[in-house]
Each structure stands twice: as C-alpha cells, then as structure tokens.
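Worksheet: one structure, shown below.
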Amino acid sequence: MTGALFEITFYLAAPFWLLMIFAPTWSGTARVAASPLTVLPVLAVYTVLAIPVFPELWTAVSSPDIDTFRDLTALGGGAGALWAQVIAWDLLLGQWMFLQSRKLGLSPLLMGPLLVLTILLAPFGLLLFLAVRAVRLRGREPAPG
C-alpha cells in the first residue's frame, strides 16, 4: 500500500498543475489556484503514510541531523510522507506563483515553463520566478523626481 500511495501522490496534485500551465486564462483556474484546499488530497496521503512512522518522523523533525533523516527515508512510510509533504508545498508554491504572475501580468508562455520547473525542482523554479517578479516590480515603480 505504501508504494501505491507514493505513486498516487503526484497524480492528486497534477490536475491543478495542468490547469495553471495549460489553462492559465480560464477564470476557473484562478479560483482553483486561490484555494489552499487543493492540497487536501495530498495531505490525506501524507497523514496515512506519516502516522505509522510518527515516532521516527518526530525524531527527524525535532532533532534534525542527516543520519536521522536517512533513517526516516529508509522507511517506506517515511520516504512516502516526505514526498507527499514536498508535493503539497510545491503545489501551494506553484499556486502562489501563478496568482502573483496574474497580478503582475506575466505571460503564460513565460509562466508555463517556470511552473514545470517548479514541479520538478521547486527551489530553482522559485528562484527564477522571484528574479522575474523583482524585475517586473522594479519596472512598475514610478520614476524618481
């Protein structure tokens, strides 16, 4: 069951990513992206995977060191729970990026690849988005004097 839950985790988030990437101008996409409830199915999987390994999970987060995390990820439920946590946070991050891009008027042709990068390697996607966002915000500032 752990393997199946691990596999299904991404597929629970994928419809929301697909909306933001392939239907960014549809009004329903903005409504969906504005809701934090999109992560509930992924968090349900997280809970199912985390409860059986909760003592190990608690040890890993309350006294973090590399060996404790290595031990946690050696457990199927531990690796699965961490994966579900990553998927949930990445989705929330992607939703924030999507909503920010709409406010800033960024092109969906720019945001699509940035969101794909965020799905795969969220820290790099976020760094690039923050750079694009900073440039756009700087361009919106009124000229001095």
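None of these values were measured; they are calculated from a predicted model.
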*Quick one: do D71 and T68 satisfy side chain to side chain donor-acceptor pair (under 3.5 Å)? Show the steps, please.*
CA-CA 5 Å; D71 294 343; T68 306; 5.6 Å; no
_Y11: which residues meet the side-chain contact (heavy atoms from CB on, under 4.5 Å) condition with it, sequence neighbours left out?_
none
*Side-chain touch V42/V45, heavy atoms, less than 4.5 angstrom*: no
*For A30 and R102, work out which heavy atoms get closest and say how close.*
CB-NH1, 4.3 Å
*Output every pair passing ring pair (Phe, Tyr, Trp, His ring centres under 6.0 Å) with a member in residues 34-90, not counting sequence neighbours, ordered by first then second residue.*
F6-W83
*Spell out, yes or no, whether L130 and L104 are grouped together once hydrophobic residues are joined by side-chain heavy atoms under 4.5 Å, including indirect joins.*
yes
*Between CG of L18 and CZ of F16, what distance do you get to the nearest 0.5 Å?*
10.5 Å
*Answer yes if L121 and V86 sit in the same cluster of Ile, Leu, Val, Met, Phe, Trp and Tyr residues linked by side chain heavy atoms under 4.5 Å apart, and no otherwise.*
no
*Is the shortest heavy-atom distance from the side chain of M111 to the side chain of T118 under 4.5 Å?*
no
*Can you see which heavy atom on L114 is nearest to which on M97, and at what distance?*
O-CE, 4.3 Å
_Can you pull out every side-chain hydrogen bond (donor to acceptor under 3.5 Å, both in side chains) where at least one residue sits in residues 20-39? Sequence neighbours excluded, please._
T38-Q95
*Taking all atoms of both residues into account, what is the closest heavy-atom pair of A33 and F98, and its distance?*
CB-CD2, 3.5 Å
*Please answer: with hydrophobic residues joined when any side-chain heavy atoms are less than 4.5 Å apart, are V39 and F10 in the same cluster?*
yes
*Mark yes when over 12 heavy atoms from residues, nucleotides or ligands other than I8 sit less than 6.0 Å from its CD1; otherwise mark no.*
no
_Measuring from atom CZ of R136 to atom NZ of K103, what distance do you get when rounded to the nearest 0.5 angstrom?_
15.0 Å
_Heavy-atom side-chain contact between E56 and T59 under 4.5 Å_ = no
_Hydrophobic clusters here meaning ILVMFWY residues chained together by side-chain heavy-atom distances under 4.5 Å, can you tell me if F22 and L106 are in one?_
yes
_Quick check on the hydrophobic clustering: are L120 and M20 connected, directly or via other members, by side-chain heavy-atom contacts under 4.5 Å?_
yes
*Looking at D67 and R70, what are the two nearest heavy atoms and their distance?*
OD1-NH1, 2.5 Å
_What's the separation between atom CG in L43 and atom CG in L91, rounded to the nearest 0.5 Å?_
9.5 Å
*Is the ring centre of W96 less than 6.0 Å from the ring centre of F129?*
yes
*Can you see which heavy atom on G77 is nearest to which on V53, and at what distance?*
C-CG2, 3.9 Å
*Check whether any side-chain heavy atom of L57 lies under 4.5 Å from a side-chain heavy atom of L72, and answer yes or no.*
yes
*In Å and rounded to the nearest 0.5 Å, what is the CG to CG distance from L115 to L93?*
9.0 Å
*Under 4.5 Å between any side-chain heavy atoms of I21 and I119, yes or no?*
yes
*Could you tell me the separation between the CG atom of L40 and the CG atom of L12, rounded to the nearest 0.5 Å?*
11.0 Å
_I need the minimum non-hydrogen distance between A13 and I87, along with the two atoms involved._
CB-CG2, 3.7 Å
